[in-house]
Amino acid sequence: MSAALLTPAEMARADALTIAAGTPGILLMERAAAAIVEAIEAAFPDAVRVACLAGPGNNGGDAWAAAAILQRRGRAVAVFRLQPPEKLSGDAAIAAQAFGNEGAPLAAFRPEAFDLVVDGLFGAGLSRALEGEVAGMVDRLNADPVPVLSIDLPSGISGLTGERLGMAVTATATVTFFRAKPGHWLEPGRSHCGSVTVADIGIAPVVLDAIGPRTFANEPALWRDQLRTPADAGHKYDRGHAVVVSGGAAQTGAARLAATAALRGGAGLVTVLSPSSAVLVNATHLTAVMLKRCDDRATLTELLGDRRLNALVLGPGFGVGAQARDYAEAVLASEARLVLDADGITSFAEDPAALFALAAQAADRRTKGEAAMVLTPHAGEFKRLFPDLAAADAMAKPETARQAAARARSIVLLKGRDTVIAAPDGRAAINTTGTPWLATAGSGDVLSGLVAAALAQGAATFEAACAAVWMHGKAAEMFGPGLIAEDLPAMLPKVFARLAAG
Ligand SMILES: NC(=O)C1=CN([C@@H]2O[C@H](COP(=O)(O)OP(=O)(O)OC[C@H]3O[C@@H](n4cnc5c(N)ncnc54)[C@H](O)[C@@H]3O)[C@@H](O)[C@H]2O)[C@H](O)CC1
Ligand SMILES: [K+]
């Protein structure tokens, strides 16, 4: 469960359970402070003049406690605080008292006079936008090149949604405790954190049993065991047979990108189903990927009668309209699982409920009612199927995707700089890989193919989507700048090697 993310409320519960089990809060604070200092020693060994900014609560308490340790280690430390020590309460008051002096008012802080700034203004307790002198100070701090280490969260960032409340500190590094929060992985919070360290401060993982986290960082631990390598599988049929439906003669590239990705992603066999008008075009481009003619729903239904064809991608380059709806219905009536993307999604914009009903029927036929469909919308396509959820912009992205997944009885893979994958049972994973270069034509087609590859191998539907998103992003990271969609499938061998290396 190391991939579990805790909301600020769940984190407070973890604190409370730990304190109730006998660990004094001040000890947690001292361990937090020790972790902060350790991160400073590692990342900023030469910082002599350190400013610790202390807010009115326990985030500030962490800053006072860290200042005391830094001072004992010979660094020139100055505390700038929103409240004088006598105004503090609880553990923060204890930590402030333990520091040698009462610090100076925040207004006296000048970033340029320091080698490092420790941001202990607000953390999990941030409840409204930064305002007044704090807002002005954060502005000045962000404008200055001095490195910043934020405690728990960059002040101004919501731990739940990653949103900036008004404005927020831009940190070089962030040290959080026990488990990361959604705000460390969701934009813009992710971009404000710099490098994130999750420190162990003695909270026992057993508290997670009581908390029951439902949000995860999308790391291989979530799904690695669901992928099959040729070693596990006896022969190619054991790794399934993915199918991609091609568009007409002028729109065949998207399907081939998805098909190539499905093959590279580990499906044992891949077939492109092509309308007669595009068979020749597809045939001239395909080698290991097989090709079959398919012009209507009856043919598709007959082909899917062969249950070895167990995963199908519909949408990329297919065209918006009734045939897409017909084909989706045929797949959901079969034993194959469906990846519905692009035009396939848009074709249901007039009647999303019809799609969700088909998906629910398909799920009801599966063991444990497992989702039979993965929807892979970007924000615009998401809005076509879930206009009300897309409009609820105060809702955290994992929650938006979760509600959509429950409504659609499908896995919702909501693409973006911070892609979120959600399941009808409430689980949501925030992706941790990728680069801005992925915003290029055809990148989504490749992702759909990778989802189909994992489904073909028999991975559970949620884990298949998580694995595909992680590998898609890792392939982009490993390729580097100048990426185009065609470059991605060829990177998969390196991604698999990285996965095998652990
Ligand atoms: N999680 C752990 O194991 C530990 C967490 N620690 C640290 O505790 C903070 C959370 O402390 P808390 O007192 O609940 O909240 P904050 O310090 O983040 O906020 C203080 C206080 O500020 C007020 N406030 C909120 N928003 C604003 C605003 N925009 N302007 C002015 N004032 C605001 C509000 O009243 C808050 O209560 C956590 O982040 C960790 O750093 C433990 O110390 C160590 C273990
Ligand atoms: K902070």
Keeping [X] on the side-chain end and [Y] on the backbone end, is there a donor-acceptor pair under 3.5 Å?
X	Y	result
T172	V148	yes
R49	A76	no
R409	A359	no
N142	A168	yes

Trace of the side chain to side chain donor-acceptor pair (under 3.5 Å) decision for T161 with S158: CA-CA 6 Å; T161 67; S158 157; 3.2 Å; yes
Side chain to side chain donor-acceptor pair (under 3.5 Å), that's the test. Do S155 and D119 meet it? Break it down for me. CA-CA 7 Å; S155 298; D119 157 29; 2.4 Å; yes
Before accepting this row, confirm whether a basic side-chain N of the pair [X]/[Y] lies closer than 4.0 Å to the acidic partner's carboxylate O.
X	Y	result
D388	R407	yes
K181	D152	yes
R81	E102	yes

Distance (rounded to the nearest 0.5 Å) between [X] [atom1] and [Y] [atom2]:
X	Y	atom1	atom2	result
W185	I430	CH2	CD1	9.0 Å
E463	W470	CD	CH2	15.5 Å
D62	R31	CG	CZ	13.5 Å

Is a donor from one side chain sitting under 3.5 angstrom from an acceptor on the other, for [X] and [Y]?
X	Y	answer
T419	N431	no
T432	N218	no
T215	R402	yes

Walk me through it: do H184 and R190 pass the test side chain to side chain donor-acceptor pair (under 3.5 Å)? CA-CA 5 Å; H184 291 118; R190 174 178 179 161; over 6 Å; no
Trace of the ring-ring contact (aromatic ring centres under 6.0 Å, His included) decision for F216 with F462: CA-CA 12 Å; F216 303 89; F462 175 69; 7.5 Å; no
Trace of the side chain to side chain contact (heavy atoms under 4.5 Å, CB included) decision for I36 with L149: CA-CA 8 Å; I36 291 157; L149 182 139; 3.8 Å; yes
Determine whether more than 12 heavy atoms belonging to other residues, nucleotides or ligands lie under 6.0 Å from atom CZ of R498. no
E133 atom CD, over 12 foreign heavy atoms within 6.0 Å: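 More than 12 within 6.0 Å, yes.
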